[in-house]
Amino acid sequence: MRKRIREALYIGLFDSLPLLRDPAILLLLSMFSLLPVLFTFVFTGGGSMTQQALVGAIVLSLAFTGLFSAQSVYFNKHWFRFQDMLVASPVSPASYAFGLSVSTFIVSVPSLVIALLLLVAARPVQLLDVGLAMVVSLALWISMLFTGFAIGASTKNVRRANSLPQVLSFFLGFIPPVYYPLSQLPPEIQPFALLAPTTHAAQLAKHYFGLVSLGVNDIVIGWTYMLAFSALMAYVALKRAHWVDP
Amino acid sequence: MEAVHAENLGKTYPGGTEALRDVSFDVGKGEVFCLLGRNGAGKTTLLRILATQLRPSAGHASVLGFDVVDEPKRIRERIAVVPQEARPQMLLSAWDHIYTFCLIRGMSRGDARSRTKQIMDELGLWEHKDKVTADLSGGLRQRVIIGMALTVDPEAVFLDEPSIGLDPLGRRSVWAMIRRLTKAGVTVLLTTHYMDEAEVLADRLMIIDKGRVAYAGSAEDAKNATGAKMRVIVEAVAPGDANGREVLTPASNEEIIGIVERSLREGRKVTFKPPSLEDAFIQLVGGSIEEEDS
């Protein structure tokens, strides 16, 4: 077990090393999830809207990088061929998948820390709130990781491997009410917004930070939806991703 | 016991493409076995099955005595693989690649450092250790990939076109590395498009055509099997002559004399060379090329 964790961590390190070697790029990538916070702050002058945007950034920092695991999966398999080298070695497929996941986590840490610090500076938050919001973010990250793995393992096209995560991050991150309140949308649109797992994650995190109030039913529905989405993506990823090619 | 044993091996991809059919062969321990064939002939498919990266759809194969389907873990502990067209990460150094792969393979940091240095010295990479691979030549990048594969001491090495795109010096350093491995008793299976490489390195070779074995044996026997006594190259003395260059493989003395007489009449230069492996290769798979063309 210890050996497997060790090899997973080194695979994660290897995958994230290009960014760790160039911290400026790492920081710049982190800003991707924080940009909407800046715009919200500029146009609303701070307050609750900006705090909701900060929660959105916390939730999406991990989710975006999870989705971008598609690129790691694709490029390690079809471009660098490192996956083939690792398949023909004692490295386990679980270590490999866990390693690539760790890599996405490392990349998301700067934006996650910045967003959390800004939120703590903007309003008093309890440690428990932070913990619960982090659990929500991690759950969304896992579902996005599975989505990324499913995309990376399915596509044989370098353009799609690059563009699909970006298109999805736009439709799952910027369009649904993640950075802005759900209540901003017209009531007839709100059910459609709730089709996105990111909306549920944002609603739950905002609830735990005390920015919106959700009933028990909404909380249960939110968690159920996220877990079901994760399970579905895990199923697709497991079906599509092969360690030994068929 | 053979290092590699394949029996009626076949592979049909899920899309229905048949890549290998009834391939049987053995490779002895410490032998260099070369797989030759046109693009898409099935060489990489065969190598990937033996390296446990791809499931066969028919037949059996074993590497170092272990079945590729039932005992892949036992094989993976003992082999090293250089995949076709593998590329290093452009933003990382040669050291980053080999050192991190040593760590992934379970070495302590100290062992990983000394092993990395040893590999880089052997492959002539030490002076480039801190350069990002984007700044290295194609040959040096290929050596980085080979270095990553050789982080552990393998009993068998699978090299899929390891010298593709390398300059003559780069190729020779790969050849030297292969010779070092075989001296240490390592079995080497490699695919290549370079006939000279196969002639220089291979103890035995196998030519695959359309997924089937077209020839298996030594390079010398392959050349003898052409039936040609020699290769006659007829070319213009003056450059730019429209008559062009012909490479002929006459089968009898009369035919040779006829070619010489004709060339003298036409004032063209005649050169005699022994039949090459390329001649044998073209004779063995040329029929199928003509079939496709017609």
Side-chain angles (χ1 to χ4, degrees), chain A residues 1-26 29 71-72 74-96 98-100 102-103 106-107 153-154 156 158 239-240 242-246, chain B residues 11-15 44-45 47-57 63 68-69 72-93 96-97 99-109 112 132-134 145 148-149 151-152 154 156-158 160:
Chain A
M1 186 66 181
R2 205 174 148 203
K3 184 189 161 218
R4 294 297 181 208
I5 291 171
R6 191 178 182 273
E7 69 190 17
L9 291 177
Y10 281 124
I11 288 168
L13 176 71
F14 186 66
D15 194 53
S16 54
L17 209 50
L19 284 173
L20 295 176
R21 286 265 188 270
D22 198 347
I25 296 288
L26 180 61
L29 281 177
Q71 292 181 341
S72 283
Y74 176 84
F75 281 97
N76 281 320
K77 166 86 179 156
H78 297 289
W79 186 257
F80 301 119
R81 315 240 174 191
F82 296 152
Q83 187 183 323
D84 267 1
M85 295 176 86
L86 293 172
V87 170
S89 80
V91 166
S92 84
S95 301
Y96 180 69
F98 186 60
L100 294 189
V102 168
S103 161
I106 293 169
V107 173
S154 303
K156 296 253 168 18
V158 66
K239 278 292 229 187
R240 304 296 303 184
H242 303 286
W243 190 237
V244 175
D245 286 329
Chain B
K11 176 66 191 176
T12 304
Y13 283 103
T44 298
T45 299
L47 211 68
R48 294 192 76 225
I49 289 172
L50 297 173
T52 73
Q53 297 163 335
L54 181 69
R55 270 189 209 99
S57 31
V63 174
V68 293
V69 175
K73 282 182 186 171
R74 310 289 297 272
I75 296 171
R76 289 169 188 165
E77 287 163 4
R78 295 165 168 83
I79 63 168
V81 174
V82 173
Q84 190 180 28
E85 289 181 353
R87 306 165 173 91
Q89 195 6 301
M90 291 292 173
L91 301 174
L92 298 182
S93 67
D96 288 334
H97 283 87
Y99 176 67
T100 317
F101 257 62
C102 285
L103 294 171
I104 292 170
R105 292 298 294 260
M107 288 177 210
S108 69
R109 285 183 198 172
V132 290
T133 59
I145 295 293
M148 290 166 77
T151 47
V152 288
V157 177
F158 299 91
D160 199 352

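The figures here come from the full heavy-atom set of this structure, side chains too, leaving out hydrogens, waters and symmetry mates. Each chain gets a letter, A, B and so on, in the order the sequences are listed, and its residues count up from 1.
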Region of A:L86 that comes under 4.5 Å of a non-hydrogen atom in chain B: side chain
Under 4.5 Å from any heavy atom of chain A - which part of B:I145: both
Residue selection (most heavy-atom pairs with chain A, distance under 4.5 Å) from B:I75, B:D96, B:V82: B:D96
B:P72, part contacting chain A, at a heavy-atom distance under 4.5 Å: neither
A:F14 ring center near A:F82 ring center (under 6.0 Å): yes
Structural part of B:E85 lying under 4.5 Å from a heavy atom of chain A: both
Chain A contacts, top residue of B:E77, B:H97, B:M90 (heavy-atom pairs, under 4.5 Å): B:H97
Electrostatic pair B:K11:A:D245 at N-O distance under 4.0 angstrom: no
Nearest-0.5 Å distance, OG of residue A:S16 to CD1 of residue A:I106: 3.5 Å
Non-hydrogen side-chain atoms of A:H78 and A:V158 separated by less than 4.5 Å: no
A:R21 (side chain) donor-acceptor with B:L92 (main chain) under 3.5 angstrom: no
Side-chain touch A:I11/A:L9, heavy atoms, less than 4.5 angstrom: no
Any side-chain donor near an acceptor of the partner, A:S154 and A:R240, under 3.5 Å: yes
Partner chain A: residue of B:T52, B:T100, B:L91 with the largest heavy-atom pair count (under 4.5 Å): B:T100
A:W79 atom CH2, over 12 foreign heavy atoms within 6.0 Å: no
Chain A contacts, top residue of B:I79, B:I104, B:I49 (heavy-atom pairs, under 4.5 Å): B:I104
Engaged part of B:F158 at the chain A interface, taking heavy atoms whose separation is under 4.5 Å: neither
Segment of A:V244 engaging chain B (4.5 angstrom heavy-atom cut-off): both
Interchain contact, B:R48 with chain A, by part (heavy-atom threshold 4.5 Å): side chain
Which portion of B:R105 sits near chain A, non-hydrogen atoms under 4.5 angstrom: side chain
